[in-house]
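Whatever order the structure lists them in is the order used to number ligands and atoms, beginning at 1.
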Amino acid sequence: MSDNKIQGSGAAGGVQPVLVLNAGSSSLKYQLVVPETGEKQAGGTIERIGESGSDVADHSAALARMTDELRADGIDLRSVPLRAVGHRVVHGGPDFSEPVVIDDAVLDRVRELSALAPLHNPAAVTGIEAAREHFDVPHVAVFDTAFFSSLPPEASTYAVPRDLAEKHAIRRYGFHGTSHQWVSQAAAELLDRPLGELRQVILHLGNGCSASAVRGGVAVDTSMGLTPLQGLVMGTRSGDVDPGLHAYLGREAGLSLKEIDTLLNKKSGVLGLSGVNDFRELEKCLAGGDAEARLAFDVVVHRLKHYVGAYLAILGGIDVLVFTAGIGENSIALRAAVTEGLEGLGISIDRARNGARSKQARVISPQGSRVAVAVVPTNEELAIARQTAELVG
Ligand code: AMP
């Protein structure tokens, strides 16, 4: 394909979209976004890449499929003035605290960081390699960890021997950073208050879940750690467990490290407790009086309160509590449960506001509350498109 690459157009003016790519091991999500206006021109997901019986052999074939899908949507990438490609990369390790233009050295480093994110970074590398072959435009890597590179040492350091931590780059990195950053800025806009003045707790609750404490637009703590397994209870991930659980399961249940890793990442969380991992399904089971679903919901809520309380203490009080991502934006019951009984901390919601369905950012606390509680839709693709455009000019 390299002799037949799609060129960027240097065309000045008009709309120049950014192609945002999120490559997983067997999937490729794409969106064509205009950074300035936020207009999403097209988007989709190619699935089952490289799986047996799939006619999409690899990420290069997936990009060819994407190009076909876009053409079917009336978008011919050869005539679109593509500005750049922005790639979502999960782990930037200790190296990357902001987006970078991808060259061979950057790509090598992202590949080396696969030790820290074996499920994610190899796929990103494959996606980037294929996209560089397809598109003769600047490619930018936007890291999920970058926003949390500002964590102070007392929040990012695990209490393990320092020489070992240094040798293996063990620290709290945090993930979903692009979303937490976007949402913290959007919340300030919603409240029409300067970002620099706000102490915020952000709850990103989707398939993966994470909490962050943000002071003046700068992240000071977050619930995910060295890996995206730590912290809140998620669809299939346990979140926090006693670190002694690993040794105990090895000894008593005869599980290997790999089996324990799979157990805690893929078979635990809401799924492990209730048998379903999708939160909508969980809510249906709850409505039917299912006791296991009730316990799962309560465990999720208890863990969330635990982090809200922790971050209140770390920030010395908060001005804003924000819910975002699939569950945070949509689950009326979860938002009500997390904020219940927190009136003494200045946190409460208005039932009608919480119950109103909307796709817009909105305040759900009563008028004049000490702490604003808000629902702010995340938009990681637009955030990546904007950061990419900013970098390439
Ligand atoms: P995300 O990873 O941000 O796409 O979020 C996915 C999660 O959001 C899944 O657990 C969905 O079940 C959940 N979700 C999406 N829509 C709703 C809804 N209307 N009510 C409750 N949960 C929802």
### Query
Short list, please: which atoms of ligand 1 are under 4.0 Å from a heavy atom of Phe279?
10 (O), 12 (O), 22 (N)
### Message
So if I count the atoms of ligand 1 from 1 in the order they appear, which ones are less than 4.0 Å from some heavy atom of Gly206?
### Response
1 (P), 2 (O), 3 (O), 5 (O)
### Query
What is the nearest protein non-hydrogen atom to atom 9 (C) of ligand 1, stated with its residue, atom name and distance?
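For atom 9 (C) of ligand 1, the nearest protein heavy atom is Asn207 OD1, 3.7 Å.
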### Task
Identify the protein heavy atom lying closest to atom 19 (N) of ligand 1, giving its residue, its atom name and the separation to 0.1 Å.
Asn330 CB, 3.3 Å
Taking the minimum heavy-atom distance to [atom], which of [options] ranks first?
atom	options	value
atom 12 (O) of ligand 1	Thr378, Asn277, Leu282, Asp278	Asp278
atom 11 (C) of ligand 1	Arg280, Glu329, Glu283, Arg357	Arg280
atom 14 (N) of ligand 1	Cys209, Gly326, Gly235	Gly326
atom 13 (C) of ligand 1	Val276, Leu334, Val270, Ile327	Ile327

### Query
How are the rings of Phe175 and His91 set to each other: parallel, tilted or perpendicular (split at 30° and 60°)?
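Answer is perpendicular, since the angle exceeds 60°.
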### Query
What orientation do Phe148 and His180 show, parallel under 30°, tilted 30 to 60°, or perpendicular over 60°?
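Answer is perpendicular, since the angle exceeds 60°.
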### Message
A cation-pi test, strictly: NZ or CZ of Arg303 under 6.0 Å from the centre of the six-membered ring of Tyr307 and no more than 45 degrees from its axis. Yes or no?
### Response
no
### Query
Going through the checks in order, is the side-chain hydrogen bond (donor to acceptor under 3.5 Å, both in side chains) test met by Glu329 and Thr324?
CA-CA 5 Å; Glu329 290 167 30; Thr324 191; 3.2 Å; yes
### Salt bridge flag under 4.0 Å for residues Glu390 and Arg83
no
### Task
Report yes if the distance between the aromatic ring centroids of His176 and Phe147 is under 6.0 Å, otherwise no.
no
### Task
Check step by step if side-chain hydrogen bond (donor to acceptor under 3.5 Å, both in side chains) holds for Tyr30 and Glu69.
CA-CA 11 Å; Tyr30 65 90; Glu69 287 186 4; 2.5 Å; yes
### Query
For atom 16 (N) of ligand 1, is some protein heavy-atom partner under 4.0 Å away?
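Under 4.0 Å from atom 16 (N) of ligand 1, at least one protein heavy atom found.
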